[in-house]
Amino acid sequence: MHSIFTCKVLKKFRKKGKTVERRRSLEEFEKAKKVIPGGVDSPVRAFKSVGGTPLFIERGEGAYIYDIDENRYIDFVQSWGPLIFGHCDKDIEASVIGAIKKGLSFGAPTTVETELASEIVSLFDGIEKIRFVSSGTEAVMSAIRLARGYTGRDDIVKFEGCYHGHSDSLLVQAGSGAVTFGSPSSPGVPADFTKHTLLARYNDTTSVEECFNNSKDIACVIIEPIAGNMGLVPADEEFLNSLRELCDKNGALLIFDEVMSGFRASLKGAQGKVKTKPDIVTFGKVIGGGMPVGAFGAKASIMDRLSPDGPIYQAGTLSGNPVAMNAGLTALKKLKTDPKLYERLETLALRLTNGLKEAASECDIPLQTEVRGSMFGFFFNEKEVKNFDDALKSDTKMFARFHQSMLDEGVYLACSQFETGFISTVMDEEMIDEVVKKAKKVFGSIK
Ligand SMILES: *Cc1c(COP(=O)(O)O)cnc(C)c1O
């Protein structure tokens with residue numbers, strides 16, 4: 001059954017002379033909306049901020065995804081980060097199938113958990129123990145409880161524009177007036193929960209000092225050391241060092257949320273790019289190889305405060321799931337074997353952003369670009385972006401037109417100006433040059 005909406009959108013496509021057929025995705029979206037809120041299981045997927053409708057994906061293969069209308073797209077989303085080896089990597093696939101044949105879950109220890117933990121611990125000086133959970137949200141939520149339990153304090157500092165999952169105390173926006181205490185950014189989050197979250201400005205040390213002046217009860221400062229959830233906005237090393245100093249001076253812990261940047265910016269995530277050492281690190285995305293995994297780690301003296309050795313409670317029925325652990329272990333082993341891997345990914349990312357920047361400037365479109373390892377970002381913005389306020393000044397209407405037209409050209413970019421793009425190991429220079437060529441054409445048409 002076709003809804004009126006579907007017909008309207010189809011007409012619009014035809015009028016514009018579009019040849020891209022997305023009839024089945026449109027139909028499925030209508031069906032999905034009847035039984036799933038907004039038709040999606042995670043809001044960004046709904047394409048709301050670019051005004052289109054989501055593609056339903058049939059399958060992936062290497063650098064490409066195919067929608068259910070059999071259109072092919074080069075994929076720069078990669079499931080929002082995890083798929084650093086592209087789709088259907090043979091090694092990860094084999095390890096998952098091997099694990100599945102032994103049973104899906106036991107709720108009892110398996111050796112693969114120790115193996116994956118050892119792989120991660122061996123890479124980071126500041127991590128002696130790690131615990132696995134099933135998502136990034138869960139990792140951060142647990143890390144914050146750990147910081148609070150360890151310090152015996154309640155308040156936390158987070159930065160505007162950083163995303164740390166959807167747990168209550170992190171769904172915070174700037175409160176009214178000059179106070180640094182946040183207010184809920186979503187209905188359903190009691191103000192009593194967010195009153196313990198102080199908001200600071202990214203790359204702005206003074207704003208963090210203000211937080212410490214306002215509260216003597218700060219358990220931790222949490223930051224994406226390479227922010228990827230307001231577009232790609234890396235923190236200055238000086239700024240990260242000032243966080244380290246402020247935390248030490250005030251007896252607070254520093255948490256690096258590397259759910260996205262971990263094993264993406266470099267093998268050691270942001271910590272491979274800057275010298276600042278956090279107390280607790282959270283992981284997700286790449287460490288699951290495409291399966292649902294999160295993790296948080298720290299020195300033993302901190303981690304040992306967790307249940308069952310310590311009093312701080314944290315648990316999970318499917319935590320350390322053997323199928324997910326095998327996928328993650330295979331991914332991490334592969335990442336470790338090729339010392340030139342991140343250099344190659346970064347070169348490709350730079351080739352893409354430099355190409356985009358040049359093509360945009362030929363059309364007098366100002367574009368700010370940023371790269372960290374396999375992560376890339378671009379803002380339709382006149383000025384360099386250093387924080388969330390800067391990011392918000394981007395031309396999101398221009399981005400929406402760009403996104404839609406690139407989709408028509410077979411390029412699948414994140415459907416928001418405030419997301420990060422990803423390069424996978426199965427991409428090559430030829431693919432990147434092809435995308436730049438398409439972008440050149442699109443910039444000319446959207447101006
Ligand atoms: C994706 C992300 C999360 C949340 O992870 P989920 O697996 O979506 O719950 C947390 N922090 C950062 C930095 C992220 O990018």
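Both ligands and their constituent atoms are indexed starting at 1 by order of listing. Because the structure is predicted, anything quoted here is derived from the model rather than measured.
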Item checked: Shortest non-hydrogen separation from N381 to V385 and the atoms involved -> ND2-CG2, 3.6 Å
Next item on the list: Work out which heavy atom in F85 is nearest to a heavy atom in D89; give both atom names and the distance.
Entry: CB-OD1, 3.7 Å
Using a heavy-atom cut-off of under 4.0 Å, does the side chain or the backbone of [X] touch ligand 1, or both, or neither?
| X | answer |
| --- | --- |
| T282 | neither |
| H164 | backbone |
| E258 | neither |

Item checked: Parallel, tilted or perpendicular: rings of F47 and H403 (30°, 60°) ->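 Answer is perpendicular, since the angle exceeds 60°.
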Next item on the list: Evaluate the side-chain proximity of V208 to F239: yes if any heavy-atom separation is below 4.5 Å, no if none is.
Entry: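 F239 reaches V208 side chain to side chain.
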Margin query: Using side-chain heavy atoms (C-beta onward) and a distance below 4.5 Å, is E210 in contact with R201?
Written below: no
For [atom], find the nearest protein heavy atom and state the residue, atom name and distance (0.1 Å precision).
| atom | value |
| --- | --- |
| atom 1 (C) of ligand 1 | K285 NZ, 1.6 Å |
| atom 3 (C) of ligand 1 | V259 CG1, 3.7 Å |
| atom 6 (P) of ligand 1 | G136 N, 3.4 Å |
| atom 8 (O) of ligand 1 | T137 OG1, 4.4 Å |

Result block: side-chain N/O donor-acceptor pairs under 3.5 angstrom for residues 163-170, not counting sequence neighbours:
| unit_1 | atom_1 | unit_2 | atom_2 | d |
| --- | --- | --- | --- | --- |
| H164 | ND1 | D257 | OD2 | 2.7 |

Margin query: Are F402 and F380, when compared by the centres of their aromatic rings, separated by less than 6.0 Å?
Written below: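 Yes: the rings meet the under 6.0 Å criterion.
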Check: Which atoms of ligand 1 sit under 4.0 Å from any heavy atom of S135?
Finding: 7 (O), 9 (O)
Checklist line | Under 4.0 Å to a heavy atom of D257 - the qualifying atoms of ligand 1, by number | finding: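 Within the 4.0 Å cut-off of D257, ligand 1 contributes 10 (C), 11 (N), 12 (C), 13 (C).
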Check: Got an N/O contact under 3.5 Å between E224 and ligand 1?
Finding: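 Looking only at distances, the answer is no, because the N/O contact criterion of under 3.5 Å is not met.
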